[in-house]
Structures are given as structure tokens and as C-alpha cells.
2 protein chains.
Amino acid sequence: METATRPAQEGTLPSDRDTGVTLEVHDAPQCSAVNDILARVGDKWSVRVVMALEGGSRRFNQLRRDIPAISQRMLTRTLRLLERDGLVSRTVTPSVPPRVDYALTPLGESLCDPVARLGNWAIANIGRVEAARAVFDGEQD
Amino acid sequence: METATRPAQEGTLPSDRDTGVTLEVHDAPQCSAVNDILARVGDKWSVRVVMALEGGSRRFNQLRRDIPAISQRMLTRTLRLLERDGLVSRTVTPSVPPRVDYALTPLGESLCDPVARLGNWAIANIGRVEAARAVFDGEQD
DNA sequence: CTGGATCCCCGGTGATACTG
DNA sequence: CAGTATCACCGGGGATCCAG
């Protein structure tokens with residue numbers, strides 16, 4: 001990207017700062033949307049749950065066993081958020097012992113690919129990141 | 001703890017199917033590493049800062065203006081985290097008014113691609129997500 | 001089995017003031 | 001200009017108990 005003129009996407013903020021110069025503002029609606037999705041993906045548990053569902057439909061307690069570290073509260077909350085965003089479907093079977101199955105929706109499955117790419121980047125570069133951390137922490141002395 | 005008392009369960013491994021395309025590290029030490037990277041990317045501010053740095057080196061207060069909503073404290077913290085992970089470089093010029101330039105490292109630039117893919121997914125699907133939310137919230141009545 | 005409700009701790013985050 | 005220090009608030013998240 002050229003440093004000369006930065007792209008002024010849509011800095012039409014109503015209460016834009018008096019910068020005089022029209023700086024590009026990344027506070028576009030799209031930007032917050034992206035940030036929003038990223039926050040969901042970066043959520044501590046969302047990705048774990050999605051990964052567990054990549055193998056097919058799972059019941060509540062199956063997921064609990066798949067992700068031992070998650071608490072019941074957080075699993076419920078995470079599933080609700082994913083369901084609300086249309087990434088996960090929730091199917092209740094009103095049997096005597098209630099049965100609830102969770103599964104990825106097509107939208108949820110479509111999210112797996114870009115997430116997997118990011119995950120692959122992480123796997124490929126975690127060594128460098130950890131090395132950088134070691135150097136940084138060492139220098140902090 | 002996950003000391004499940006269940007006996008030898010038959011081969012119903014949760015997610016051990018070999019998709020070949022997606023992540024296959026559901027229970028490796030790498031998993032926490034991936035989660036870690038995802039958390040950084042999903043961090044409220046990290047991506048914004050990285051985006052601002054894609055256009056080239058920027059100084060501290062330039063970044064503050066680029067991201068009006070960020071507080072000084074959070075910008076400092078975010079930059080430190082990114083620097084620690086080797087994603088951003090910090091260059092101090094000991095001039096009379098101190099000058100500090102931040103820039104993406106090659107590692108940081110390499111992260112931009114997978115993040116951008118995820119961002120594109122978000123932009124492409126934010127409509128569906130919001131629609132799903134509207135439906136969900138409506139049903140909650 | 002699948003959750004909801006409650007209590008409570010801790011850390012992330014903003015606001016503000018100060019410094020080299 | 002580029003931070004650091006301090007305070008205060010709030011929500012994330014675990015533990016636990018209860019319900020359908």
C-alpha cells in the first residue's frame with residue numbers, strides 16, 4: 001500500500017474529530033462488523049466448539065467431554081452465541097431424557113475454511129512467535 | 001479435571017476423522033498455541049493496529065489518530081503485545097522530541113493474508129450473521 | 001441430560017494525572 | 001512526543017446449586 005494518500009474509505013463519522021484533514025477512519029460499519037466476527041473467532045471457546053463440531057453433530061455432554069477445560073456455563077453461553085450468529089444449529093428431541101444435538105450450519109462450515117487457514121498460519125509460525133517472546137522477555141531484564 | 005470415569009468407550013473418537021483440509025490438531029499442544037494466536041487476532045485492538053500499519057511505518061500518535069477509539073493505555077499495551085510476539089517492530093530515534101516508529105515485521109505481514117481472508121469472509125457474510133441474529137432475537141420474545 | 005440462577009474473583013479497559 | 005502510574009468499573013468466567 002502506498003503511503004502517499006491513504007484510502008479514505010468512508011470517514012463520514014458524524015462527530016468526526018476536528019482533524020481538519022480528512023483522515024481515513026477505519027470505524028466504518030464494515031470494519032466493526034469484521035472486528036465483531038474476529039472477536040467471535042478469537043473467543044476463547046468458540047473455535048474449540050466449532051472444531052469439535054466439524055466431525056458432525058454432537059450432543060451437549062459430548063462437547064463437554066471433547067473440551068474438558070470448558071465449564072458448563074461457558075459451553076452453554078458459547079453455543080448460544082454461535083447459534084445466534086447462525087453458525088450452529090440446535091435441535092431438541094423431546095424424549096424422556098432430553099436430547100439436544102448441535103451441528104454446524106452451512107454458514108458455520110463456510111467459516112471453517114478461513115479459520116483453518118489462520119490456524120495453519122498459527123501452527124506454522126508458533127515457533128517464531130514463541131522465539132520472539134523469549135527474546136522480548138529476556139531483554140526486559 | 002477430566003478424569004472421566006467412563007470405561008473403554010468404543011471408537012467414537014470425537015473429532016479424529018481425517019478431513020485432510022482442515023485442522024487436525026484437536027488435542028495437541030499446538031491446539032493451545034492456535035488458540036493463543038487466535039486470541040491475539042481476535043483481540044479488540046490488535047487487528048486495528050495491524051491494519052493501520054499495513055500502509056507502512058507509523059508513529060505512536062499517528063496510530064492514535066488512525067484509531068480514534070483506542071485509549072493511550074490500550075495502544076501502548078497492544079503494541080507491546082504485538083512487539084513481544086514479533087509481529088511489530090519498535091524503532092526508537094533518540095532525538096530531542098523522542099521519535100518511535102512502529103512497523104510490521106515480515107512475520108506480521110505474513111499474518112495479514114490469512115487475517116484478510118477471514119476479514120473477507122466476515123464482510124461477505126455479515127449480512128447473514130445479522131439476519132440470523134435478528135431471527136434469534138425475535139424468537140426469544 | 002440439559003441447562004438456568006447465583007455468588008464471587010480476577011483481569012481487561014477506560015479516565016486521569018504525571019514524567020523523561 | 002511517548003509513554004508510565006494509579007484508580008475505578010465492569011464483564012468474563014469458574015464453582016456450585018437447582019430445575020425440567
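Remember, predicted model here, so these are calculated numbers, not experimental data. Order of the sequence lines sets the chain letters (A, B, ...), proteins ahead of strands, with each chain counted from 1.
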*Asks:* Take the protein atom CE of B:M74 and the nucleotide atom P of D:dC10, then report the distance between them rounded to whole Å.
*Replies:* 17 Å
*Asks:* According to a strict under-4.0 Å criterion, is A:R77 in side-chain N/O contact with OP1 or OP2 of D:dG12?
*Replies:* yes
*Asks:* Is the shortest side-chain heavy-atom distance between A:S110 and A:L107 below 4.5 Å?
*Replies:* yes
*Asks:* Atom CZ in B:R80, atom CG in B:L75: separation rounded to 0.5 Å?
*Replies:* 9.5 Å
*Asks:* Mind calculating the distance between CD (B:Q62) and P (D:dC1) to the nearest angstrom?
*Replies:* 10 Å
*Asks:* Return the value, rounded to whole Å, for the distance between atom NZ of B:K44 and atom P of D:dC10.
*Replies:* 14 Å
*Asks:* Using atom CG of A:D43 as one end and atom P of D:dG11 as the other, report the distance to the nearest whole Å.
*Replies:* 16 Å
*Asks:* Rounded to whole Å, please give me the gap between CZ in B:R90 and C1' in D:dA2.
*Replies:* 8 Å
*Asks:* Quick one: B:L79 CG to D:dA2 P, roughly how many Å, whole number?
*Replies:* 11 Å
*Asks:* Figure out the CG/C1' separation between B:N61 and D:dA2, and round it to whole Å.
*Replies:* 7 Å
*Asks:* Within the 4.0 Å heavy-atom criterion, would you say A:R64 contacts the bases, only the backbone, or no part of the nucleic acid?
*Replies:* nothing
*Asks:* Would you say that more than 12 heavy atoms from the other residues, nucleotides or ligands in this model lie under 6.0 Å from the CZ of B:R128, or not?
*Replies:* no
*Asks:* Under 4.5 Å between any side-chain heavy atoms of B:L53 and B:V88, yes or no?
*Replies:* yes
*Asks:* Mind checking whether A:W121 and B:V115 have side chains closer than 4.5 Å, heavy atoms only?
*Replies:* no
*Asks:* Measure CG/A:L75 against P/D:dG12 and give the value in whole Å, please.
*Replies:* 17 Å
*Asks:* Going 5' to 3' through nucleotides 15-20 of chain D, assign each nucleotide B (protein heavy atom under 4.0 Å from a base atom), S (under 4.0 Å only from sugar-phosphate atoms) or - (no protein heavy atom that close).
*Replies:* B-B--B
*Asks:* Are A:D113 and A:R117 within salt-bridge range, i.e. N to O under 4.0 Å?
*Replies:* yes
*Asks:* Nearest 0.5 Å, please: how far is CG in B:L79 from CZ in B:R90?
*Replies:* 9.0 Å
*Asks:* With a strict under 4.0 Å distance from non-hydrogen atoms of chain B, what nucleotide opens and what nucleotide closes the contacted stretch of DNA chain C, reading 5' to 3'?
*Replies:* C:dG12 to C:dG20
*Asks:* Could you tell me whether A:D85 and B:R133 have a side-chain N and a carboxylate O separated by less than 4.0 Å?
*Replies:* yes
*Asks:* Measure the CD-CG distance between A:E54 and A:L104 for me, rounded to the nearest 0.5 Å.
*Replies:* 6.5 Å
